[in-house]
Amino acid sequence: MPEYNSPQACLIAIHSLSETPMKPLQRTILAAALLLLAAPLLHAQASEADLISQLKGFRSVPAAQRPAAVLKIAAGIRALPGGPSKLRLANGLANLATEGDNGPEALQAVADTLSKALAESPLPAKGNQPPGPYMELATLVRYEHLTTTLDDPLLAQAAQILASHDAEVEKANFTLKDLHNKKITLSDLRGKIVLVNFWATWCPPCRAEMPNLDNLYTHFQSQGLVILSITDEDAFKVATFIGQAGYHPPVLLDPGSTVHKQFFVDGLPKSFVFNREGKLTGVAIDQRSQRQFLELLAAAGLHP
């Protein structure tokens, strides 16, 4: 029996009935059955297009409405039939939903959606590395403190990779120059709480969180907070942007992205918080609100 797994296949089959020898009543009944089968497939296809549109417009949604938008999109993705398209949408939502403070309920819905999509459509390993969606889910669990019911060795491997990366970051050291050609070395800052933030002028979430970082730096500098904003862009371009933005924390230049690689930075913005003893106490995988930054700093021992 042929598989009618797309609306196009159902409609082609209906059209071909006119050329198939059978009684009129049989033809009518079969055509009706094929239409019933095509209806949910057409609906799913339309829903997928709508979900893609919602994801593309997500950054234009006001911050106060984003948690509800995340929950709505997550529910829509979960309702789709399993397959590569569902997994791509779930992974796309996971990439966007961590921008800003969307709350634990919305983020847990994202993790649940990605877990379901991976359970329905598991991916093979790529050499020694888990595919991106497994790394994305492991990242949500480790850094957003979410849960997952997915029991998959590739997810476990992804979690181990992230733990290994954090151990390497905690041992990392660097010396970079700021926009005034002054050298700053991370290990020289022991005794202070250090927030290392990777950013770029072209990155909208980076620009969105900069006022929060600036306020925190201005308020807590006297209590030993140091914020180092690291970019691998051209010095002139960065200096022009910073001059217009009125941003006060030190901006360090990382030509060749050497420190980016040392910190395993694969997306922007990304922030790392070290306590006064140099221990890594927190990682922010995306844009953070002032409240979220305060939570990270509190874990490092800095309190208002």
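In what follows, residues are counted from 1 in the order of the sequence shown. Values in this document were obtained by computation on a predicted structure and should not be read as measured data.
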Exercise for the section: Show the numbers, then the answer: is there a side chain to side chain contact (heavy atoms under 4.5 Å, CB included) between Met135 and Leu162? Expected result: CA-CA 8 Å; Met135 293 299 298; Leu162 293 178; 3.8 Å; yes
Quick check: closest heavy atoms across [X] and [Y], and the distance to 0.1 Å?
X: Pro133; Y: Leu123; answer: CG-CD1, 3.8 Å
X: Asp286; Y: Glu209; answer: O-OE1, 3.8 Å
X: Pro255; Y: Leu253; answer: CD-O, 3.2 Å
X: Ala97; Y: Asn102; answer: O-ND2, 2.7 Å
X: Leu150; Y: Leu155; answer: O-CD2, 3.6 Å
X: Ser121; Y: Gly82; answer: OG-C, 3.9 Å

Please report the interatomic distance [atom1]([X]) to [atom2]([Y]), rounded to the nearest 0.5 Å.
X: His248; Y: Leu216; atom1: NE2; atom2: CG; result: 14.0 Å
X: Glu105; Y: Leu146; atom1: CD; atom2: CG; result: 12.0 Å
X: Arg88; Y: Ile77; atom1: CZ; atom2: CD1; result: 12.0 Å
X: Leu252; Y: Leu186; atom1: CG; atom2: CG; result: 10.0 Å
X: Lys116; Y: Asp112; atom1: NZ; atom2: CG; result: 11.0 Å
X: Asn212; Y: Gln292; atom1: CG; atom2: CD; result: 9.5 Å

Practice task
Evaluate the criterion salt bridge (Lys or Arg N to Asp or Glu O under 4.0 Å) for residue pair Glu170 and Lys279; output intermediate values, then yes/no.
Solution key: CA-CA 6 Å; Glu170 188 165 282; Lys279 180 181 178 182; over 6 Å; no
Pairwise side-chain contact, [X] with [Y], heavy-atom cut-off 4.5 Å (strictly under):
X: Val169; Y: Phe274; value: yes
X: Pro269; Y: Phe198; value: no
X: Phe272; Y: Val265; value: yes
X: Phe220; Y: Asn215; value: no
X: Leu228; Y: Pro249; value: no
X: Lys177; Y: Lys182; value: no
X: Ile193; Y: Val226; value: no
X: Met210; Y: Ile242; value: yes

Exercise for the section: Any chance you could lay out the side chain to side chain contact (heavy atoms under 4.5 Å, CB included) test for Glu136 and Asn95, step after step, and finish with the verdict? Expected result: CA-CA 8 Å; Glu136 188 70 35; Asn95 281 316; 3.0 Å; yes
Report yes or no: do [X] and [Y] belong to one cluster of Ile/Leu/Val/Met/Phe/Trp/Tyr joined by side chain heavy-atom distances under 4.5 Å?
X: Ile230; Y: Leu189; value: yes
X: Phe293; Y: Val196; value: no
X: Leu294; Y: Leu213; value: yes
X: Leu114; Y: Leu154; value: yes
X: Leu296; Y: Val141; value: no

Return yes if some donor-acceptor pair links the side-chain N/O of [X] with the main-chain N/O of [Y] below 3.5 Å, else return no.
X: Lys192; Y: Arg276; result: no
X: Ser164; Y: Gln160; result: no
X: Asp214; Y: Tyr247; result: no
X: Gln287; Y: Cys206; result: no
X: Gln54; Y: Val70; result: no

Practice task
Would you check, one step at a time, whether the test side chain to side chain donor-acceptor pair (under 3.5 Å) holds for Ser187 with Asn173?
Solution key: CA-CA 6 Å; Ser187 59; Asn173 192 28; 3.1 Å; yes
Salt-bridge criterion met for [X] and [Y] (N-O under 4.0 Å):
X: Arg59; Y: Glu99; result: yes
X: Glu277; Y: Arg190; result: no
X: Asp178; Y: Lys183; result: no
X: Glu144; Y: Arg288; result: yes

Problem - side chain to side chain contact (heavy atoms under 4.5 Å, CB included) evaluation trace for Asp152 with Leu118 - result: CA-CA 9 Å; Asp152 190 303; Leu118 278 168; over 6 Å; no
Exercise for the section: Step through it carefully: locate the ring centre of Trp202, locate the ring centre of Phe241, and say whether they are under 6.0 Å apart. Expected result: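 Centroid distance Trp202-Phe241: not below 6.0 Å, so no.
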Handout entry: Worked check of side chain to side chain contact (heavy atoms under 4.5 Å, CB included) between Leu268 and Trp199
Key = CA-CA 6 Å; Leu268 298 174; Trp199 71 288; 5.7 Å; no
Exercise for the section: Would you tell me whether Asp166 and Tyr143 have side-chain atoms, one donor and one acceptor, within less than 3.5 Å of each other? Expected result: yes
